[in-house]
Amino acid sequence: MKSRSYDVIVIGAGPSGSLCARNLAAKGYQVLLVEKRPVVGVPVRCGEATGRRARLSRFMDVNEEYIETDLNGVILHGPGGVSVRYDKPDVGLMIDRALFDQDVARQAVRAGVELCVSTRVEGISPVKDGVRELTVIDEITRASSTVTAKLVVGADGAESLSGRWVGLKTRLLPPQVCSAIELRIDAMDANPNHLTFWQGHESVNKGYVWVFPKVKSGVINLGSGVLTPKLGEKNMYDLSMEYKNRLFPDAKVLEVHGGAVPVSGNLQEYVADRFVLCGDAAHHTNPLTGGGIISGILGGELASKWIDAGLKAGNVSKEFLSQYQEDCWTQFGKGHRYQMRIRDFVVDLPLPAQTAFYRIFRDMVKGDLSMPSKLIGYTRMLGLAAGNWKTTKKAFFS
Amino acid sequence: MPSAVKRPNKTLLLDRDKCISCAGCVGTCPDLALDMFGVDLQVFQDKCTYCTICVRFCPVGALSIEKSKL
Ligand SMILES: Cc1cc2nc3c(=O)[nH]c(=O)nc-3n(C[C@H](O)[C@H](O)[C@H](O)COP(=O)(O)OP(=O)(O)OC[C@H]3O[C@@H](n4cnc5c(N)ncnc54)[C@H](O)[C@@H]3O)c2cc1C
Ligand code: SF4
Ligand code: SF4
């Protein structure tokens, strides 16, 4: 560390933290980005599927180096043998997360951010004399030091403890946290430009199994995630291996990764005096899909906007920063809550009704999601919802 | 006085051969009894209340709770 005091310290060089740091440095603030891993982005704990080029380019110049696959559709295998196939050019991208995270961190460094890797934050003090003091450990020498900031950003991912150090309730509360595993497999899928999913009572109900092909590298990400299982239920590694052995029996497993995916929807409260959380740490992750790359980036961007406004106004109190929370809520939090309700509705339906749900969905997609096919679909959905009123009430009206 | 609290005769066991250092369990523990150092998961037995949340969470089944043989 070049200095003992900064305007802003960002904890965690994932996409959310790096983007937030980059934006603040570009505005002229002195920013320190602290990352405990020796190499940014490694190991990759991600399925590596994300939104379209156009979506990503709202935040940065897209670099072809990390693009693995241009996705042209999605295949969803539901219960009762009902499969939904959606073909549409440019539905999203597969990326190399290590290269991607490194690219965003590089953007931050180019904007003037000081990046310290192999450096772990171990504690955050209460506000004193207009700053917070961070205890920082050099992971190589184990030396401990302190450094202060006018504002601290916790972008420390699903394993975040930073919010808890400042008294926020950010724990991953079961069952609203997904236990996830990912196998990198030396094989290519028959549908290399599609994301394939298995969901429902006959595969995995409170989550899904995925096959995501990385075409440029010629490998597959096969994984699974579920809302925290009960004691004694099958773990995600065993489930993923079952699918691997069935789908790609002869292929080699190159890597095994796992992790937690916060799927509770945005936290109730994730700002404090001179402190904000963003990305997975704030549970910005999409609670239906578990995708958190784009929403984490958006969270990081909104955080940088409100931090800039606060520092300019000389007010980075909890009260002022709660405007950031409200902004996130309107931009994606509300949408996430709605998707969470749909998720709860589908997983709570008994098998026959769940199969009917997938049939309706399949027919809408078959009709190219045109206005008439949607109208018919929504009417059938209403019938299904009415016929399963208890589940509907629990998911949408509680 | 925390030191006077009687600890249950239990141990949270970590199977290091199974653990893939995903750090997922860290954020689920209500008592900050877990933390990841590099690729080493540390279990602070003195903080653990044996609530089984991390055991349920672990995607590879590396955690279990055992009655200590005293
Ligand atoms: C198995 C799995 C599959 C997934 N698949 C997808 C997918 O296909 N698509 C998608 O969009 N999302 C996916 N996600 C979710 C996605 O990976 C996350 O939402 C995303 O990484 C969140 O970004 P972030 O910047 O908030 O946090 P992270 O990327 O987790 O970055 C946090 C950083 O903070 C660092 N850190 C933590 N604590 C400290 C500390 N004390 N001091 C210093 N540094 C610290 C960490 O080392 C890490 O680098 C998946 C997640 C998992 C577990
Ligand atoms: S059993 Fe409960 S208290 Fe103990 S480490 Fe696991 S989650 Fe924490
Ligand atoms: S959740 Fe399991 S595999 Fe992941 S770090 Fe904890 S013990 Fe290891």
Side-chain angles (χ1 to χ4, degrees), chain A residues 36-38 43-45 118 120 122-123 137 139-140 142 156-165 169-183 207 223-241 255-262 280-281 283, chain B:
Chain A
K36 69 177 176 184
R37 303 182 188 190
V44 172
R45 291 183 192 132
S118 293
R120 158 209 290 273
E122 226 169 40
I137 309 281
E139 293 269 77
I140 297 163
R142 311 294 320 156
D156 40 352
E159 76 223 75
S160 173
L161 296 177
S162 63
R164 294 166 78 177
W165 294 328
K169 293 196 177 83
T170 71
R171 180 162 77 88
L172 298 168
L173 283 170
Q176 300 296 356
V177 44
C178 266
S179 168
I181 272 287
E182 169 142 295
L183 313 172
S224 57
V226 280
L227 302 177
T228 323
K230 298 202 170 76
L231 263 189
E233 279 180 1
K234 190 185 292 175
N235 69 51
M236 289 302 102
Y237 176 75
D238 291 346
L239 182 76
S240 301
M241 281 307 283
E255 290 170 44
V256 182
H257 299 288
V261 188
D280 269 14
H283 301 198
Chain B
M1 274 199 304
S3 59
V5 173
K6 193 174 177 311
R7 306 279 311 160
N9 293 335
K10 288 181 183 171
T11 316
L12 180 69
L13 291 180
L14 168 66
D15 183 339
R16 286 191 191 273
D17 292 336
K18 275 192 183 167
C19 175
I20 53 164
S21 308
C22 75
C25 54
V26 174
T28 66
C29 175
D31 299 293
L32 299 172
L34 300 166
D35 204 354
M36 187 58 76
F37 292 82
V39 293
D40 277 330
L41 181 73
Q42 296 286 321
V43 181
F44 303 104
Q45 297 287 349
D46 53 330
K47 290 187 187 168
C48 177
T49 53
Y50 311 103
C51 70
T52 74
I53 287 174
C54 62
V55 180
R56 283 169 56 195
F57 171 82
C58 178
V60 296
L63 293 162
S64 57
I65 290 171
E66 208 191 52
K67 281 221 151 124
S68 306
K69 301 168 208 86
L70 278 182

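What you see below is based on every heavy atom in this structure, not just the backbone, and it leaves out hydrogens, waters and symmetry mates. Throughout, protein chains are lettered first and strands after them, A, B, ... in sequence-line order, and every chain is numbered starting at 1. Because the structure is predicted, anything quoted here is derived from the model rather than measured.
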Can you tell if the side chain of A:Asn235 reaches within under 4.5 Å of the side chain of B:Pro59, non-hydrogen atoms only? no
Contact part of B:Cys58 toward chain A, heavy-atom cut-off under 4.5 Å: side chain, backbone, both or neither? backbone
A quick test of your reading: do over 12 heavy atoms of other residues, nucleotides or ligands sit less than 6.0 Å from OH of A:Tyr237? no
Heavy-atom nearest pair, B:Met36 first then A:Lys36, reads O-NZ, 4.3 Å
What salt bridge (charged side-chain N to carboxylate O under 4.0 Å, His left out) pairs are there with at least one residue in residues 24-39 of chain B, not counting sequence neighbours? A:Arg120-B:Asp35
Any chance you could measure B:Phe37, atom CZ, to A:Ile137, atom CD1, to the nearest 0.5 Å? 8.0 Å
Toward chain B, the part of A:Pro174 with a non-hydrogen atom under 4.5 Å: side chain
Which answer fits A:Glu139, side chain, backbone, both or neither, if we ask what part of it has an atom under 4.5 Å from a heavy atom of chain B? side chain
What distance do B:Thr28 atom OG1 and A:Gln176 atom CD have between them, rounded to the nearest 0.5 Å? 14.0 Å
Filter on salt bridge (charged side-chain N to carboxylate O under 4.0 Å, His left out), then keep only pairs touching residues 171-183 of chain A, sequence neighbours left out; what's left? A:Glu182-A:Arg184
A:Ser179 versus B:Phe57, closest heavy-atom pair with distance: OG-O, 2.6 Å
Which heavy atom of A:Arg45 sits nearest to which heavy atom of B:Ser21, and what is that distance? NH2-O, 3.2 Å
Inter-residue atom distance A:Leu161.CG - B:Cys29.SG, 0.5 Å rounding: 9.5 Å
Going by side-chain contact (heavy atoms from CB on, under 4.5 Å), A:Leu231 matches just one of B:Ile53, B:Thr52, B:Ile65. Which one? B:Thr52
A:His257 NE2 to B:Cys22 SG distance, which is reported to the nearest 0.5 Å: 11.0 Å
Show the nearest heavy-atom pair for residues A:Thr228 and B:Arg56, with the distance to one decimal. O-NH2, 3.8 Å
